[in-house]
Amino acid sequence: MIAMGLITRPDLLIADEPTTALDVTTQAKILELMRDIQAEFDMAMLYISHNLAAVSELAERITVMYAGTVAERCTLGELFERPLHPYTRKLTESIPRVGRTQDRLPTIEGSVPSLESPPSGCPFASRCPNYIGPVCDGRVPELLGQGGGHEVACHLYDDAVEASPPWEGPHEARY
Ligand code: SF4
């Protein structure tokens, strides 16, 4: 499938979960191959995955999506050093790390909202540990720049909403 996608030498390759269901060794080989091909063909690649570890092998910029909306967009380094959106922080916390001892990996309580009748406010509101009240349920957060090309869609970072960043504020967690 990858060869078929490349046969016309495209300027852009869209790879949607190309390593799903592969064992880790084969996955590593495919990622290495895709990195080499990208450099050789000098093409752009849009890599879609739920696997942050795989994404971190290839991406320069990352867009984190939740329930069909963009939650956060930034460089690879920023995503792991300064994740801003509560969903992104939960995702990065759930990555197993060598040397870190814990009985259970953190998970995100609840489930993704129905897209047939999407919530009227923030799509992550029903699961967000930093939920700050009616503003989260009542208004869809805009994607706002936070410097250095880092953008986030969360009322915690909107100057128009009276809230402090989550690591400073006593926001009530739902879970
Ligand atoms: S807008 Fe509110 S509910 Fe949504 S991620 Fe930010 S704090 Fe959480």
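When a ligand or atom number is given, it counts from 1 through the structure's own listing order. What you are looking at is a predicted structure, and each value in this text was computed from that prediction instead of being measured.
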Atom 8 (Fe) of ligand 1: nearest protein contact (heavy atom, Å):
C128 SG, 2.3 Å
Report the relative orientation of the aromatic rings in Y66 and F124; use parallel for angles under 30°, tilted for 30 to 60°, perpendicular for over 60°.
perpendicular
Is the count of non-hydrogen atoms from other residues, nucleotides or ligands lying under 6.0 Å from I7 atom CD1 greater than 12?
no
Taking CD in E142 as the centre, count heavy atoms belonging to other residues, nucleotides or ligands within less than 6.0 Å. Is the count above 12?
no
Closer than 4.0 Å to some heavy atom of P86 - which atoms of ligand 1 meet that?
5 (S)
Among all protein non-hydrogen atoms, which one is nearest to atom 7 (S) of ligand 1, and what is the separation to 0.1 Å?
N130 O, 3.5 Å
Considering only non-hydrogen protein atoms, determine which one is nearest to atom 4 (Fe) of ligand 1 and report residue, atom name and distance to 0.1 Å.
C122 SG, 2.3 Å
Output yes if C136 passes the N/O/S-under-2.8 Å test against atom 2 (Fe) of ligand 1; output no otherwise.
yes
In terms of heavy-atom contacts, does CG of D42 have more than 12 from other residues, nucleotides or ligands at under 6.0 Å?
no
Close-contact set for ligand 1 against L156 heavy atoms, below 4.0 Å
7 (S)
Rounded at 0.5 Å granularity, tell me how far NE2 in H85 sits from CD in E151.
13.0 Å
Contact check: C154 to atom 8 (Fe) of ligand 1, N/O/S below 2.8 Å
no
Check the surroundings of atom CG in D23: do more than 12 heavy atoms from other residues, nucleotides or ligands lie under 6.0 Å from it?
yes
heavy-atom search around atom 1 (S) of ligand 1 in the protein gives H155 N, 3.3 Å
Gap between atom CG of L22 and atom OG1 of T20 - 0.5 Å precision
7.5 Å
Below 4.0 angstrom from a heavy atom of H85, which ligand 1 atoms are there? Numbered from 1 as shown, please.
5 (S)
